[in-house]
Amino acid sequence: MEIYNNILNFDELFSTNEYAYNLVKQGNIAEFTTIYAHNQTKGKGQQGNMWVSEKGKNITFSIILHPIQIIPSKQFILSQCVSLGIQKVLRNYCEHVTIKWPNDIYVNKKKIAGILIENILSGNKISSSIIGIGLNINQEKFDISIPNPTSLKICTGKFFDTQQILRECLLSIFEIYTSMPQNNTEIHDNYMKVLYKKGIKSKFQDNTGIFKGTIISVDETGKISIVDEQNNVRSYYFKEIEFK
Ligand code: BTN
């Protein structure tokens, strides 16, 4: 499979996303080139956080895509493809694998994988997209500063071959990505089916405070809608709301 022959392996990088970004800026990088690092010294997480991962125990990688068929306002479809790709692999090994909006991968109430997508726009097109994925595999102890972490080892009691899981993730993401745009409705339906806490009353916090509500939908732009206890529908983009 072509995608497996296009993996650039590094013992150590600051960040695979940063490396991929610099490659893209130099131009002419084949779609589905993957940057893999056994260790990241400055792994980037969402919202300016660090992504910390014990050397060699987990997988940290970035896939370069050129999704010129997706207009920037519909870029949430990429998040859905990638999170579903990872969810599909992990559900073969553990139960209760869900996607926490917008694209964290959870097992029960704990986070097993995080995704950081960085797009490079050119006019009204996404010329390149750097899909950064950190998936916890064999790590058993995490720093107390990391909220809610888990790993495949913690969930199953077994150790896994990290390179095998990497290949499974690449194939799974590739299959869903290349099924777009014909399959966009199915991708969205599958995303909604495995959405964490969908239809279950939960606590949230927005800029007005904490409230109880139930997730009812996520639209194609990634906006989530929650119905509160007064039956009002409240809608939010990423970073405007958090689970409590
Ligand atoms: C999150 O905060 O949930 C997103 C974490 C994304 C981490 C991955 S690890 C590989 C890639 N390179 C980075 O620097 N970050 C992403």
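One-based numbering, in listed order, for ligands and for the atoms of each. Here, residue 1 is the first one in the sequence, and each next residue gets the next number. In what follows, every heavy atom counts, from backbone to side chain, and hydrogens, waters and symmetry copies are set aside.
Those atoms of ligand 1 that come under 4.0 Å of a heavy atom in T16, given as number and element, are 10 (C), 11 (C), 12 (N). Annotation for ligand 1: atoms under 4.0 Å from non-hydrogen atoms of I115 are 3 (O), 4 (C). Per-residue contacts place G43 under 4.0 angstrom from the following atoms of ligand 1 (heavy atoms of the residue considered): 14 (O). Less than 4.0 angstrom separates some heavy atom of S15 from each of these atoms of ligand 1: 12 (N), 13 (C), 14 (O). Every atom of ligand 1 with a heavy atom of F61 under 4.0 Å away is listed here by number and element: 10 (C), 11 (C). Numbered from 1 in the order shown, with element, the atoms of ligand 1 that lie under 4.0 Å from a heavy atom of D104 read 3 (O).
Ranking the protein heavy atoms by distance from atom 6 (C) of ligand 1 puts K44 O, 3.5 Å first. Atom 3 (O) of ligand 1 has K111 NZ, 2.6 Å as its closest protein atom, hydrogens excluded (heavy atom only). Of all protein heavy atoms, the one closest to atom 2 (O) of ligand 1 is Q46 N, 2.7 Å. Nearest to atom 5 (C) of ligand 1 among the protein's heavy atoms is W51 CE3, 3.4 Å.
In this structure, a donor-acceptor pair under 3.5 Å is present between the side chains of S79 and N103. Between the side chains of T221 and D219, at least one donor-acceptor pair of N or O atoms lies under 3.5 Å.
Residues E118 and K44 are paired through a salt bridge, judged by an N-O separation under 4.0 Å between the basic side chain and the carboxylate. Ion pairing of E54 with K141 is absent here, as no side-chain N (NZ or NE/NH1/NH2) approaches a carboxylate O to less than 4.0 Å.
Only one option out of F238, W101, Y191 pairs with F76 in a ring-ring contact (aromatic ring centres under 6.0 Å, His included); it is Y191. Checking K57, K153, K158 one by one against E140, the salt bridge (charged side-chain N to carboxylate O under 4.0 Å, His left out) holds for a single residue, K153.
Here the shortest heavy-atom pairing between I99 and S83 reads CD1-OG, 3.6 Å.
Here A37 has no heavy atoms under 4.0 Å from ligand 1, in either its backbone or its side chain. Contacts between E18 and ligand 1 below 4.0 angstrom, taking non-hydrogen atoms only, are absent altogether.
Taking the six-membered ring where tryptophan is involved, the planes of F243 and F204 are tilted, since the angle between them lies from 30° to 60°.
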